[in-house]
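In what follows, chains carry the letters A, B, and so on, assigned in the order in which the sequence lines appear, proteins first and then strands, with residues in each chain numbered from 1. A quick note: this is a predicted structure, and the numbers were derived from the prediction, not measured.
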Amino acid sequence: MSSHSIPRVRIAPSPTGDPHVGTAYVALFNRTHARQGGGQFILRIDDTDRSRYQGTSEGQIFTALRWLGLDWDEGPDDGGPHQPYRQSERLDHYRQCVNKLIDSGDAYPCFCTEERIADLREQQKAAKERLGYDGACREIKKEEAQARIESAETHVIRLKVPSTGETVFEDALRGEIRVANSEIDDQILIKSDGFPTYHLANVADDIAFGITDVIRAEEWLISTPKHVILYSALGEPLPRFLHVSLLRNADKSKISKRKNPVSLDWFRQQGYLPEALLNFLALMGWSPDDENEVFDMQSFEDNFRVESLSTGAPIFDMTKLDWLNGMHIRQLPLTELAQRLESENFLPDGVDQPQALEILPLVIERLTLLSEFTDKTSWFFSQPAPPPAEDLIPKKSDRDTSMAALSAAAEALQALDEFSPDTIGPCLDSVLDKGAWKKPFLFMPLRFALTSRRDSPDLLEVVSVLGKDRCIERIQSSLKVLSTT
RNA sequence: GGCCCCAUCGUCUAGUCAGGUCUAGGACAUCAGGUUUUCAUCCUGAGAACAGGGGUUCGAAUCCCCUUGGGGUCACCA
């Protein structure tokens, strides 16, 4: 297909479980490629496997892709010029297609039982032969086949792969791929339940939808020759094929649920930002020229080239995703961040956006995941249990020193009229001077008294945001702890 | 096992197509410093890779071959 044509690309997830990170990975490249060329990104639902079908899955896929901003131009839910976009609703189309193939002699009915096929495979294994259908039903005369079909005999339709020669095609990333036809199995096109297999449905739909670029995972590379044969039997020009490397587990095997989180829902629930996940996925196989690895989708769209995707096999290591998530959190305006926290349900119970906004500046630099917000701000939204005495007494200090320091701090803060970081700073400095304590001997007990934790935000900000009354109250509670020790 | 794909720091990658500018660059992670009253952010620095062997060439991470390693696939799943 001409490289000048307007790209029409698609992803074709199967509704068989949770929305998969690999779907998003491939969708990202497809959608970006379409947008760059002013073309269309199509969502097709490949639901031809009735045994693995899950009713809730399709909706989850829609939701997850939209969460990521990977929305589509044509799809099952909002229509398009080639409806329907669900394969289970296109059975007539596949039937027509396969009839054409049977007429032209490129496909044939096969009446072999699954038992015979299984036995055949065992024999082939034992004899160390190539595994695959032996073509037994190829020889059945058309009239006989027709009669058996009419008598409702169980059958499938197979592709008649040429027994000699080779099939050649170009992969946009890997160059010319050639496979001997003797290596290619007579693929089942229509299953005995009347549903098409992926191979038929995929090619038939890609033709019907006018798909120009088939950008999909590398696991499909080896079955592409079958698709090429199908295109040519149907008299259709080939789309451009481009097979993206598979995401891997740490042991380099194909990414899997057992060894990695793969559900897009999981990432959302963990508090990853869509822009961070997208950024991370983009980096698995591509890198920007300017070496700035933190970027948004606009920048990606401006610089990405699908042909420049790397051929290596990237290990899905979320360490960098965590870093990216923190970076993207910090790039978000505070009001936007507060909105996200609320809409994604990461706000503590009873806390609203304005309240979150009060405390957000103090913790934004400490967040890696949105889900950490609640824990990191718990000292602010409710009074924590007073810290144990050992936390209130820094190393090399002692109980009396901590009590004196806290008392002095309480007193000084009490006397403060204007309560802001600007006034609190000098106020605490004077407390320090008067007591002649080492800095940590005052500040650490105070930090613990106010937040009950070591990793709190800047102390002046904490004092300020808590306000005079709550500060005094918490200091008193800690003094009580110390005095009863 | 057959067939197909792949191979640069621990990880993601730049460089490979058009061989020299590569004593191989960046990022994450790690470690060490700095900033900071804590944690984090931020800044500086360090260690860390061309799988191996042949060939072509004045010159190879880059081209060719072999080996090794890894992966995918060989379903009436996609």
(message) Counting distance alone, no hydrogens or angles: does the base of rC39(B) have a donor or acceptor under 3.5 Å from a partner atom on the side chain of R366(A)?
(response) yes
(request) Establish whether the base of rA27(B) is bridged to the side chain of K320(A) by a donor-acceptor pair shorter than 3.5 Å. (result) yes
(request) Searching all strands shown, indicate the nucleotide that pairs with rA61(B) (Watson-Crick or G-U wobble; both distances under 3.5 Å). (result) none
(message) Side chains of N325(A) and R330(A): any donor to acceptor distance under 3.5 Å?
(response) no
(message) Taking the ring of Y25(A) and the ring of F280(A), is the distance between their centroids below 6.0 Å?
(response) no
(message) Just to be sure I understand the geometry, which residues of residues 274-292 of chain A put a non-hydrogen atom under 4.0 Å away from RNA chain B?
(response) L283(A), M284(A), G285(A), S287(A), E291(A)
(message) From CG of N249(A) over to C1' of rG72(B), roughly how many Å is that when rounded to an integer?
(response) 14 Å
(message) Using whole Å, what does the distance between atom P of nucleotide rA27(B) and atom CG of L321(A) come to?
(response) 19 Å
(message) Output the rounded distance in Å from CG (D391(A)) to C1' (rC39(B)).
(response) 14 Å
(request) Identify whether NZ of Lys or CZ of Arg in R90(A) sits under 6.0 Å from the centre of the six-membered ring of Y85(A) and within 45° of that ring's axis. (result) no
(request) Please name all residues satisfying salt bridge (Lys or Arg N to Asp or Glu O under 4.0 Å) with D391(A), sequence neighbours left out, ordered by chain then number. (result) none
(message) Check the phosphate of rU73(B) against K226(A), side-chain N and O only, distance under 4.0 Å to OP1 or OP2. Yes or no?
(response) no
(message) Ignoring hydrogens and geometry beyond distance, is the side chain of R174(A) in donor-acceptor contact with the base of rC5(B) at under 3.5 Å?
(response) no
